[in-house]
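Residue indices begin at 1 and follow the sequence shown. Scope of the values below: all heavy atoms of this structure, side chains included, with no hydrogens, waters or symmetry mates.
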Amino acid sequence: MEESRPKRVDPAQARMRTVPIAVTPEGFWCCPSPAALHKSLKNPHHHNKPPPPQHRTPSAPPSRAPSVQNAPSVADEPVAGDAPDEQHHTQPAAAAAAAAAADKQQEEHKICVGFGQPETSDLTVMLYGKEGIAVRMSVHRDVLCRSSAFFAEKLASSGGHGSPAAPCVEIHDCDDAEIYVETVGLMYCDEAKHKLLKQNVSRVLRIMKVAESLGFHACVKSCLDYLEAVPWVGEEEDNVVSSIRHLQSKAYGVSPLLKRVTSDNLKSPTDTLAHIMEMVLKSTDDRARREMKALVLNLLKDSNHCTDGSSDICSELLYSSCRGCLDRLRLLFEEASESDFSVQLTRQITLETDNLLWLVEILVNRCICDDFVALWASQSEIAELHGKLPVASRHTVSCITARLFVGIGRGEMLPSKNTRLLLLQVWLQALIDDYSWLQCSCRSFDRKLVEQGIGQTILTLPLEDQRSMLLAWLGRFLKLGDNCPNLQRAFEVWWRRTFVRPYISQAR
């Protein structure tokens, strides 16, 4: 700890002023923000004005809390350790060098803030911030030594520099002078936790960081109690966790906070995900099921991998759900084809197809939908039963086929050539049969997007397969018109490939 004996500096030259600081009735400082401290720098003539009147507290502060009334200006009052000019001749060489360095540093700081009343204090703490702010706190030695291991060690090892009545402790390169002052003020409070009630999480984290550096263990514990009880919003969770992890090795008790984000339960997160998906798939309330499907879909979309870090396990879970829905859909189609049609049966078919569409969206977002295209293309039994059911109860099944064609057309899935051909052979006719109902009954059905997807899927096949598929489509389109997908663009591409510019030269 170095002795600081700066010379008197003209306030107009040093551009220093005392910012009036009030002590709250609870007994700790009300420190302005750095923006408020630097506000005077914007107007170069502001420093020549007389200092503003001092703030008065609404009620009397505690007896040991320094009063801000008649707070001396740093430019008017000598800083702790000042001495008359004639005493400088008796200083040793080291003290003179220290005084010269302090004098230079004093001139570099453009704003100086005074706290407390030197007449009633027995210790001065000087803070030198990185933003040109110098803070002088006239405090009480016994309060700081009792609360802070840092101050206790400093004062015990050095005995305090400066005059015997007012030793001085200097803190250089202070990163957060505002919070540093407030943390020192909390040393005057019997219970710091209650003084933090009106603070936000970000500010409490800053206070905790300074308190830890000062060895103010009671304040660190109060900050942890506050953080354990208050809700965390947005990015505050990451900030809290990153700020307290290093405290695990110390006797502060951070486990209650970390239990918000970690669990001792050894049950696999995949089991929890499976349970959630099962509940959503079996939901009976339409609105609740729709909202939860959108929520889970968005949550899975935001995460880059499965909750336990294993994409293989997540893929197996999703495809297990898909196979379950397909088995139930097959049984429903068999029941509907053998018995009288019922409204309840239609609802169950619609529910299963809606579940499959939801699972397809999840598979598409996770880029693992190729196997489902092959799985759906192999459902020839369901496709055969499809024509035996009333169109009103079966048309939602064609939404699955339409979604797969759109995905292939967009490049969201890359099934093999044989799978693409089989998908067209098994499900395209069923889609054409339901096309009129899809346009009228499905709000989410985008005709142009579906037609583009079908056409792009056909154009990915060998030219002979393109020919057979598009000629078959042409015959249906000439009979059905608007009740059939319009694949004219795909037909034009095939025509140019076949007649206009064949890629195999006749001469060769």
- Could you tell me how the ring of Phe491 sits relative to the ring of Trp494: parallel (under 30°), tilted (30 to 60°) or perpendicular (over 60°)?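 Tilted: the ring planes of Phe491 and Trp494 meet at 30° to 60°.
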- Query: To the nearest 0.5 Å, how far apart are OG1 in Thr350 and CG in Leu329?
  - Reply: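 Reported to 0.5 Å precision, the distance equals 10.0 Å.
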- Kindly compute the distance separating CG (Asp354) from CD1 (Ile400), expressed to the nearest 0.5 Å.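 Nearest 0.5 Å value for the CG-CD1 distance: 9.0 Å.
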Is the side chain of [X] donor-acceptor paired with the backbone N or O of [Y] at a distance under 3.5 Å, no angle test?
{"X": "Asn355", "Y": "Leu281", "result": "yes"}
{"X": "Thr498", "Y": "Trp495", "result": "no"}
{"X": "Gln439", "Y": "Asp482", "result": "yes"}
{"X": "Trp427", "Y": "Thr401", "result": "no"}

Quiz: residues 452-465 side-chain donor-acceptor pairs under 3.5 angstrom, not counting sequence neighbours:
residue: Thr457; atom: OG1; partner: Gly453; partner atom: O; Å: 2.7
residue: Thr460; atom: OG1; partner: Arg420; partner atom: NE; Å: 2.9
residue: Thr460; atom: OG1; partner: Thr457; partner atom: O; Å: 2.6

- Under the side-chain contact (heavy atoms from CB on, under 4.5 Å) test, residues paired with Ala274 that sit two or more places apart: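 With neighbours one apart ignored, the set is Leu317.
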- Query: Who are the side-chain contact (heavy atoms from CB on, under 4.5 Å) partners of Asp327, not counting sequence neighbours?
  - Reply: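 Partners of Asp327 by the side-chain contact (heavy atoms from CB on, under 4.5 Å) criterion, ordered by chain and then number, come out as Arg330.
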Can you list every pair that meets salt bridge (Lys or Arg N to Asp or Glu O under 4.0 Å) and has a residue in [range], with sequence neighbours left out?
{"range": "residues 398-416", "answer": "Glu361-Arg403, Arg403-Glu412, Arg410-Glu412"}
{"range": "residues 387-397", "answer": "Arg394-Asp434"}
{"range": "residues 214-242", "answer": "Lys221-Asp225"}

- Item | Donor-acceptor side-chain pairing of Gln199 and Glu182 below 3.5 angstrom |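 Their side chains do contain a donor-acceptor pair, which is all the 3.5 Å distance test asks for.
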- Query: Using the benzene-type ring in the case of Trp, are the ring centres of Phe151 and Phe216 under 6.0 Å apart?
  - Reply: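 Ring-ring flag for Phe151/Phe216: false, centres at least 6.0 Å apart.
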